[in-house]
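Just so you know, these numbers come straight off a predicted model, no measurement behind them.
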Amino acid sequence: MHALSHGTTSAPTTIAVPPSLHLPVIEAAFPRQLHPYWPKCQEKTRVWLLEKRLMPADKVEEYADGLCYTDLMAGYYIGASDDVMQAIADYSAWFFVWDDRHDRDIVHGRPVAWRRLRDRLHTALGSPGEHLHHEDPLVAGFADSVLRLYAFLPETWNLRFARHFHAVIEAYDREFHNRTHGIVPTVDEYLRLRRLTFAHWIWTDLLEPTAGCELPDAVRKHPAYRRAALLSQEFAAWYNDLCSLPKELAGDEVHNLGISLITHEGLTLEQAVVEVRRRVEECITDFLDSEREALRFADDLADGTVRGKELSTAVRACLSNMRNWFSSVYWFHHESGRYMVDSWDDRSTPPYVNNEAAGEK
């Protein structure tokens with residue numbers, strides 16, 4: 001199946017989307033957007049990865065642009081100031097590098113290195129300014145990106161972001177345990193854990209500096225807003241599982257919705273693909289319903305006061321970007337070299353990772 005991508009080049013290109021991954025509703029009902037700052041953002045993130053020594057120079061040169069990490073964020077956080085966009089893009093690039101280190105520590109049996117990194121990230125989250133020159137580039141890069149993110153909204157937002165990311169670190173630790181012990185979580189266990197390893201609430205939190213407004217608990221936790229936010233993230237996590245299933249089967253992974261369905265529900269690979277796709281499509285349908293409810297909620301917030309208008313505008317901006325997440329995630333999976341397993345020399349070893357025992361140095 002071929003689809004038109006309006007992505008990272010000056011002219012639209014035709015991307016081959018396999019039939020099992022093709023979602024016509026995304027292409028028809030979720031028009032793709034890209035932040036106008038994107039070309040500069042891509043360039044600066046590439047430089048940042050080099051300056052922070054997060055990827056070797058040869059890997060940055062050959063793979064950084066093709067991995068499309070900045071494209072993913074620039075298709076999501078529309079309306080962000082350039083500084084906010086850059087901070088989010090660098091943080092996102094760091095997150096992917098961290099995910100790769102976590103994976104390599106598992107593959108190469110480095111539990112001591114992982115535990116040390118886990119503890120250092122927890123500490124850096126509370127005092128990023130004290131970790132800008134840490135000996136581990138992954139800790140220093142994390143501190144730099146978090147410190148920048150903390151500059152945009154009040155301390156209450158920073159504390160919430162930190163609380164959410166502490167939970168993400170612990171979820172990665174549980175995944176480390178499961179993978180090193182060959183434990184495939186049940187479907188329900190996996191779905192709960194996936195909301196953390198995919199960092200659902202982190203990406204949702206970042207909608208607020210994009211909109212230039214911290215949302216109070218009563219707004220963020222309103223059922224209509226929260227459900228729309230959750231569905232946009234569930235779509236992304238499960239579509240990622242659908243697209244990465246071949247890579248993760250090749251790498252003897254245990255963390256994928258398809259693998260949990262095969263192991264615990266007795267599905268064949270083909271049946272698991274169909275079921276994950278069904279859940280993905282259901283997320284889209286349910287989001288469209290939730291979006292309508294959340295927009296009505298935004299209307300209700302506009303009560304004639306200045307604050308009401310501010311909150312209504314911010315919620316509408318956040319909902320618009322939740323919608324953008326669908327198309328950005330969709331195209332990212334068909335443009336990024338991260339998922340082009342068939343082009344790798346070794347289907348279990350991504351060519352863009354640093355395979356050295358960085359965490360043991």
Side-chain angles (χ1 to χ4, degrees), residues 6 23 25-38 71-81 84-85 87-89 92 149 152-154 156-157 160-161 164 195 198-240 279-332:
H6 298 271
L23 298 174
V25 65
I26 295 294
E27 297 170 27
F30 294 81
R32 190 177 190 184
Q33 298 190 65
L34 199 64
H35 198 291
Y37 178 67
W38 170 77
D71 309 44
L72 177 63
M73 295 296 109
Y76 184 17
Y77 296 103
I78 306 298
S81 69
V84 169
M85 185 71 257
I88 292 175
S92 170
L149 291 172
F152 300 119
L153 291 177
T156 45
W157 184 90
R160 188 206 325 154
F161 180 93
H164 286 163
R195 290 176 180 176
F198 198 82
H200 281 22
W201 302 118
I202 291 292
W203 307 120
T204 302
D205 287 338
L206 290 169
L207 292 169
E208 293 169 57
T210 297
C213 177
E214 181 186 18
L215 298 178
D217 283 357
V219 173
R220 287 189 306 106
K221 295 180 179 180
H222 187 278
Y225 182 88
R226 190 169 178 84
R227 180 158 174 74
L230 178 62
L231 286 165
S232 73
Q233 293 297 322
E234 298 279 51
F235 163 82
W238 300 346
Y239 192 68
N240 175 269
R279 291 175 184 240
V280 165
E281 291 175 333
E282 192 173 70
C283 272
I284 302 170
T285 304
D286 289 349
F287 173 80
L288 292 171
D289 290 338
S290 296
E291 181 186 41
R292 285 190 287 271
E293 292 180 27
L295 287 170
R296 286 194 291 271
F297 170 56
D299 289 341
D300 293 341
L301 287 169
D303 58 3
T305 66
V306 172
R307 178 60 169 164
K309 182 178 180 182
E310 178 189 39
L311 289 176
S312 177
T313 300
V315 166
R316 283 185 168 276
C318 292
L319 288 169
S320 177
N321 280 330
M322 290 176 200
R323 164 176 276 274
N324 287 333
W325 192 223
F326 285 84
S327 58
S328 195
V329 163
Y330 180 73
W331 291 114
F332 170 69

R227 side chain near D286 side chain, heavy-atom distance below 4.5 Å: yes
Distance in Å, W325 CH2 paired with L72 CG, rounded so as to fall on 0.5 Å steps: 4.0 Å
Side-chain (Y239) to main-chain (V329) donor-acceptor, under 3.5 angstrom: no
With F152 via ring-ring contact (aromatic ring centres under 6.0 Å, His included) - residues at least two apart: none
Any residue meeting ring-ring contact (aromatic ring centres under 6.0 Å, His included) with Y77, in chain and number order, not counting sequence neighbours: none
Pairs involving residues 321-330, ordered by first then second residue, that meet salt bridge (Lys or Arg N to Asp or Glu O under 4.0 Å) (sequence neighbours left out): E291-R323
Distance (rounded to the nearest 0.5 Å) between L34 CG and S327 OG: 10.0 Å
CG on L319 to CG on L295, rounded to 0.5 Å: 5.5 Å
Set of residues satisfying ring-ring contact (aromatic ring centres under 6.0 Å, His included) with respect to Y37, sequence neighbours excluded: none
Salt bridge (Lys or Arg N to Asp or Glu O under 4.0 Å) partners of residues 295-306, not counting sequence neighbours, each pair once: D299-R316
Electrostatic pair R32-E27, nearest N-O below 4.0 angstrom: no
Contacts of type ring-ring contact (aromatic ring centres under 6.0 Å, His included), residue Y225, not counting sequence neighbours: none
Under 3.5 Å, side-chain donor or acceptor atoms of residues 204-212 against the rest of the protein: list the pairs with distances, not counting sequence neighbours.
{"residue": "T204", "atom": "OG1", "partner": "H200", "partner atom": "O", "Å": "2.9"}
{"residue": "D205", "atom": "OD1", "partner": "R160", "partner atom": "NH1", "Å": "3.0"}
{"residue": "D205", "atom": "OD2", "partner": "H164", "partner atom": "ND1", "Å": "2.6"}
{"residue": "E208", "atom": "OE1", "partner": "R160", "partner atom": "NH2", "Å": "3.0"}
{"residue": "E208", "atom": "OE1", "partner": "L215", "partner atom": "N", "Å": "2.8"}
{"residue": "E208", "atom": "OE2", "partner": "R160", "partner atom": "NH1", "Å": "2.6"}
{"residue": "T210", "atom": "OG1", "partner": "L206", "partner atom": "O", "Å": "2.9"}

Test salt bridge (Lys or Arg N to Asp or Glu O under 4.0 Å) applied to E282 - qualifying residues, sequence neighbours left out: R278
N/O donor-acceptor pair under 3.5 Å between S92 side chain and I88 backbone: no
Pairwise distance CD1(I78) to OG(S328) - rounded to 0.5 angstrom: 8.0 Å
pair W201-Q233: side-chain heavy atoms closer than 4.5 Å: no
Side chain to side chain donor-acceptor pair (under 3.5 Å) partners of T156, counting only residues at least two apart: E214
Contacts of R292 that satisfy salt bridge (Lys or Arg N to Asp or Glu O under 4.0 Å) - sequence neighbours left out: D289
For P216, all residues meeting side-chain contact (heavy atoms from CB on, under 4.5 Å), sequence neighbours excluded: V219, R307, L311
Residue pair L149 / A87: nearest heavy atoms and the distance that separates them: CD2-CB, 3.8 Å
Listed once per pair and sorted, the ring pair (Phe, Tyr, Trp, His ring centres under 6.0 Å) pairs that draw on residues 281-306, sequence neighbours left out: H222-F297, F287-F326
